[in-house]
2 protein chains.
Amino acid sequence: MTNKIITEDQQKAARYAKAMGHPIRMYVLELLSKQSCCYSGDLTEELPIVKSTLSQHLKELKNAGLIQGEIEAPRIKYCLNRENWKEAQVLFGKFLKMDSEEPFTNC
Amino acid sequence: MTNKIITEDQQKAARYAKAMGHPIRMYVLELLSKQSCCYSGDLTEELPIVKSTLSQHLKELKNAGLIQGEIEAPRIKYCLNRENWKEAQVLFGKFLKMDSEEPFTNC
DNA sequence: ACATTTGTTCGTAATTTCACGAACAACGAA
DNA sequence: TTCGTTGTTCGTGAAATTACGAACAAATGT
């Protein structure tokens, strides 16, 4: 099955995109991209969802590899997974910003 | 309700991300980002899905505003929606590539 | 030891996504 | 007009997503 039409990079990019595909998760990611870390308790206060729902969203971001949690008892400190974050940058940058500034006649 | 915690831009970005959150759709987008246009018939041949399923995916990309179809009877020619594509570039670029090259100690 | 704080897990329900085949609509060609 | 091509829509079912509250687990503080 080397005959893959859809590349590994596309699978990865889709996976990252899916994780970003919810306003709550986008909010958390953007916050972490400019704040270096946060605690879920603070997020629960400002976001219109209960803590269990937030926990699910954070878990998805974790599973996608975009963030990581670190125990800082009794709380948990979340921050970006810089390694994968960079990979996401590369993957998205690779196809997102092609021929950006051209006066392209739509086909 | 000016008290929005989650911004419009975050909603938009999440919407675009969600549309990109499937390998098939990522494949189509990447193809269009380097090929300027394509026909769904060709896609059906190379992709492991039936035409009705592909039609659904293309519809999602259309609804998200990322692509547009143009009748070129008897086929339909698809290409990127350059305007929204650029918006997606800006939105993603805005939070995706912050402090990229720093020797960041993860918190 | 006990209560409090913090966050995850579980159970549940409504909604959405994904995929398929069948039926349909639009159009060009014979 | 009839046929073949192209793509959408409809109906269906399986699986995933989203959200909530209740229950639970871990660690700190009293």
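Because the structure is predicted, anything quoted here is derived from the model rather than measured. Letters A, B, ... mirror the listed sequences (proteins, then strands); counts begin at 1.
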Closest-nucleotide 5' rank along DNA chain C - winner of A:S52 and A:R75: A:R75
Nearest-angstrom distance from the residue atom NZ of A:K59 to P of D:dA19: 15 Å
A:L61 CG - D:dT18 P separation (whole Å): 11 Å
Gap between atoms CG and C1', on A:L54 and C:dT8 respectively (whole Å): 11 Å
Check: A:L32 main-chain N/O paired with A:Q35 side-chain donor or acceptor under 3.5 Å: no
Rounded distance (Å) that lies between atom C1' of D:dA26 and atom CD1 of A:I71: 9 Å
Partner of B:L58 by side chain to side chain contact (heavy atoms under 4.5 Å, CB included), out of B:I67, B:N63, B:I24, B:T53: B:I67
Single-linkage hydrophobic cluster, 4.5 Å side-chain cutoff, B:L31 and B:I49 together: yes
Rounded interatomic separation in angstrom, taking CD from B:E70 and C1' from C:dA26: 17 Å
Nearest-neighbour nucleotide for the A:H57 side chain, C:dT6, C:dT8, D:dA19 considered: D:dA19
Rounded distance in Å - CG (B:L47) to P (D:dG7): 13 Å
5'-most by nearest nucleotide on DNA chain D - B:S40 or A:E60: B:S40
Verdict with reasoning, A:Y16 to A:Q89, per side chain to side chain contact (heavy atoms under 4.5 Å, CB included): CA-CA 10 Å; A:Y16 286 137; A:Q89 283 172 30; over 6 Å; no
Residue whose closest nucleotide on DNA chain D lies nearer the 5' end, B:Q56 versus B:Y39: B:Y39
Between A:Y27 and A:E46: side-chain donor-acceptor atoms closer than 3.5 Å: yes
A:N84 (side chain) donor-acceptor with A:G65 (main chain) under 3.5 angstrom: yes
Touch class at under 4.0 angstrom, heavy-atom based, for B:I49 against every strand present: sugar-phosphate
Between C:dT6 (P) and A:I76 (CD1): distance, integer Å: 12 Å
Integer-rounded Å distance: C:dA23 P and B:K51 NZ: 13 Å
Residue B:V50, side-chain heavy atoms: nucleotide from D:dT6, C:dG7, C:dC20 that is nearest: C:dC20
Salt-bridge present (B:K12, B:E8; N to O < 4.0 Å): no
Phosphate-side-chain proximity, B:T53 and C:dC18, N/O vs OP1/OP2 below 4.0 Å: no
Interface with DNA chain D, restricted to residues 8-24 of chain A and to heavy atoms under 4.0 Å: A:K18, A:H22
Out of C:dC18, D:dG7, C:dT6, whichever nucleotide has its closest atom nearest the side chain of B:R25: C:dC18
